[in-house]
Amino acid sequence: MAEAVQPVETDVLVVGGGINGAGIARDLAGRGARVLLVEQGDLAQHTSVASTKLIHGGLRYLEYRRFDAVRKALQEREILLKIAPHLVRPMRFVMPHVAALRPAWRVRAGLLLYDYLGRPTTLKGSGPIDLRRHFASAPLVNGLSRGFVYSDASVDDARLVVLNALGAQEHGATVMTRTQLVAAQREGALWDARLVDAAGRVTVVNARAIVNAAGPWADVLPVEQMTPPHAIRRVKGSHIVTRRLFEHGCAYILQNDDCRMVFAIPWQHDYTLIGTTEIDCPDWDADAQMQISEQEIEYLCASVNRYFRNPITKDDIVWSYAGVRSLIDEEVDHPRAVARDDDLHLDCNGAALLSVFGGRLTTYRRLAEEAADLLAAPLRLHKSAWTDSVPLPGGDIHHADFERFALDIQARYRWLPIPLARRYAHAYGTRINDLLANAHSLDALGKELTPNLYEAEVRYLVDREWARSAHDVLWRRTKLGLQAGPQHVARLAAWIDVHASAMTHRPGAVPTVMH
């Protein structure tokens, strides 16, 4: 007979390690709640890493008169520029004008409204440009004489998730990756939940509240008496990456005949990120790896080839990725017309259950704040909202001036190659000092396991940021996967296996209850 043991007790069990779950865990932990965040895979492994990697207001939503949604997103853009200046980068977007798609006056009016809704802002305003003279015309086809330019921002989406999880942990939360919720039922004022990790170990948790932030899985979690208030519309979005299509640092926003916009964004210095598609995914398979379809490839290539002088084909694609977003089903014909609005549903019939539906990467912090506000009463939390002014880990950069910070890093660590110093500065911000510790030379960082990836960084990612595989490191924590060949991946995986097995426990791991 198994020995009786005490379950793990917590105030909140947050299910889902994407951007919403990580953001909610950080906010609640900072308000004094005991928080346990669980994710069935790696942090940001699913929807959150399959974004277009932008922090933006959603210019096209103006055509659907979603003015409040755009205003909220633009307000959040400004906050994220201040609390995560190392991750969120201002970027100028060029829109070549095609009169047959939208008249120039409508585009200009929309951009002026976009500027107005985003005030006050530190970013440059919009304006018309003459593509016969502007540098952005260099890669474009002849005949495009007019265009517009405006500002938004780019972001490393997966690192944004990881830093929210790290911020949650630093406020006392426990983070468990590769751990799945298999059952949860109410026992009076508490939830009795069972978790199973990748090794088959069971953890029993008693929680006063559960937050369902499972994204595409939000309506299928094994939670007793969970009745979603909305139908979920699952929409597939796919992206392609090619070798760099242009030399400058602006992005392009390209209009299409179906009224959608496709972005072509400078990415990782040597590449161009192109996306996204929007396709209903009613037959979504929770266990299948999402892949871009031939139809989507043709669509994205055609979108680019309408505007760029040098056409691209399937053979020019060096990488692609796809993911599924869960949107609130508004019963419109095409997913492009569905707003990325969110809804929080609180069920206090016994132990509290807060379910998150919809949402956007840009507005995750506001969603998390609203979720914490809703749970404040049932959890008897008295601390107020705080995340709009407290930097994310590594974001405590003086005056949020990243360029000055990057120059200081280059001067302090002169032995680092400048591209590597800037990558470290962007990825880790002020935590770069923890990463480099007492190193005074490149050799002190250890072996170069894959191009531009040294042992010291991998050790940091495994010890501090929950990385457990080569894929975690190359495609989510660093985005260095495009530079790594099969032999590099194998060497990195072997190193991680040895290092991870030597750890006695994961960062912040809780005791398991074996049955």
Side-chain angles (χ1 to χ4, degrees), residues 6-39 43 76 79-80 82-84 160-177 179 181 184 186-193 195 203-213 342 344-348 350-356 359 363-396 431 464-466 506-511:
Q6 285 296 110
V8 174
E9 294 186 357
T10 190
D11 292 324
V12 187
L13 172 62
V14 179
V15 183
I19 190 59
N20 288 335
I24 291 170
R26 177 175 180 252
D27 194 309
L28 285 169
R31 300 194 195 202
R34 296 173 300 168
V35 176
L36 172 57
L37 170 65
V38 296
E39 161 57 40
L43 295 170
E76 289 302 298
I79 289 172
L80 292 175
K82 293 176 181 177
I83 68 173
L160 186 64
V161 175
V162 169
L163 293 189
N164 272 275
L166 189 60
Q169 185 189 64
E170 291 176 356
H171 281 92
T174 296
V175 178
M176 298 176 68
T177 61
T179 302
L181 173 70
R186 284 185 171 103
E187 297 288 348
L190 294 176
W191 284 100
D192 179 63
L195 314 175
T203 301
V204 176
V205 177
N206 283 346
R208 297 167 61 196
I210 287 180
V211 173
N212 170 11
D342 54 71
L344 301 172
H345 179 69
L346 180 61
D347 175 4
C348 285
L353 171 63
L354 179 66
S355 295
V356 180
T363 53
Y364 87 89
R365 190 210 63 83
R366 180 80 69 91
L367 180 149
E369 183 175 276
E370 292 169 355
D373 287 344
L374 285 173
L375 287 171
L379 294 177
R380 295 188 292 277
L381 302 176
H382 303 294
K383 293 184 179 179
S384 58
W386 61 281
T387 59
D388 62 343
S389 59
V390 177
L392 286 167
D396 51 335
R431 301 293 173 94
R464 305 280 190 93
E465 294 191 1
W466 301 279
R506 294 292 305 275
V510 299

Subject >> Working for side chain to side chain contact (heavy atoms under 4.5 Å, CB included), residues Leu28 and Leu381 >> reply: CA-CA 9 Å; Leu28 285 169; Leu381 302 176; 3.9 Å; yes
**OP:** Evaluate the criterion side chain to side chain contact (heavy atoms under 4.5 Å, CB included) for residue pair Thr174 and Thr10; output intermediate values, then yes/no.
**Re:** CA-CA 10 Å; Thr174 296; Thr10 190; over 6 Å; no
Subject >> Derivation and outcome, side chain to side chain contact (heavy atoms under 4.5 Å, CB included), residues Val205 and Val38 >> reply: CA-CA 11 Å; Val205 177; Val38 296; over 6 Å; no
**OP:** Report the C-alpha distance between Trp386 and Asp27 in whole Å, list the side-chain angles of each, state the deciding distance to 0.1 Å, and finish with yes or no for side chain to side chain contact (heavy atoms under 4.5 Å, CB included).
**Re:** CA-CA 7 Å; Trp386 61 281; Asp27 194 309; 3.7 Å; yes
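For the pair Tyr364/Leu80, a side-chain contact is recorded, criterion being any heavy-atom separation below 4.5 Å from C-beta on. At least one side-chain heavy atom of Asp192 sits less than 4.5 Å from a side-chain heavy atom of Asn206.
Taking every heavy atom of both residues into account, Val161 and Ala22 meet most closely at O-CB, 3.7 Å. Heavy atoms only, all atoms of each residue included: Pro391 and Asp396 are closest at CB-N, 3.7 Å. When all heavy atoms of Arg34 and Asp11 are compared, the closest pair comes out as N-OD2, 2.8 Å. For Ala29 against Ala168, the heavy-atom pair with the smallest separation is CB-O, 3.7 Å. Across all non-hydrogen atoms, the minimal contact from Val162 to Trp466 is O-CZ3, 4.2 Å. Here the closest non-hydrogen pair linking Gly16 and Leu37 is O-CD1, 3.3 Å.
Distance CZ/Arg366 to CG/Asp388: 9.0 Å, rounded to 0.5 Å. The distance from the CG atom of Leu344 to the CG atom of Leu354 is 5.5 Å, given to the nearest 0.5 Å. In this structure, Leu379 CG and Leu374 CG are separated by 11.0 Å, a value rounded to the nearest 0.5 Å. Rounded to the nearest 0.5 angstrom, His171 NE2 and Leu166 CG are separated by 11.0 Å. For the atom pair CZ of Arg365 and OG1 of Thr387, the computed distance is 4.0 Å after rounding to the nearest 0.5 Å. Remark: Ile83 CD1 to Leu392 CG distance equals 4.5 Å, nearest 0.5 Å.
By the salt bridge (Lys or Arg N to Asp or Glu O under 4.0 Å) test, Glu9 is found to be paired with no residue, residues two or more places apart in sequence or in another chain being considered. With sequence neighbours excluded, the residues that form a salt bridge (Lys or Arg N to Asp or Glu O under 4.0 Å) with Asp373 are Arg31. Asp347 meets the salt bridge (Lys or Arg N to Asp or Glu O under 4.0 Å) test with Arg186; sequence neighbours excluded.
In this structure a side-chain-to-backbone donor-acceptor pair under 3.5 Å is missing from Arg431 to Pro393. Listed for the Trp191 side chain is a donor-acceptor partner under 3.5 Å among the backbone atoms of Ala352. Not one N or O on the side chain of Thr177 forms a donor-acceptor pair closer than 3.5 Å with the backbone of Glu39.
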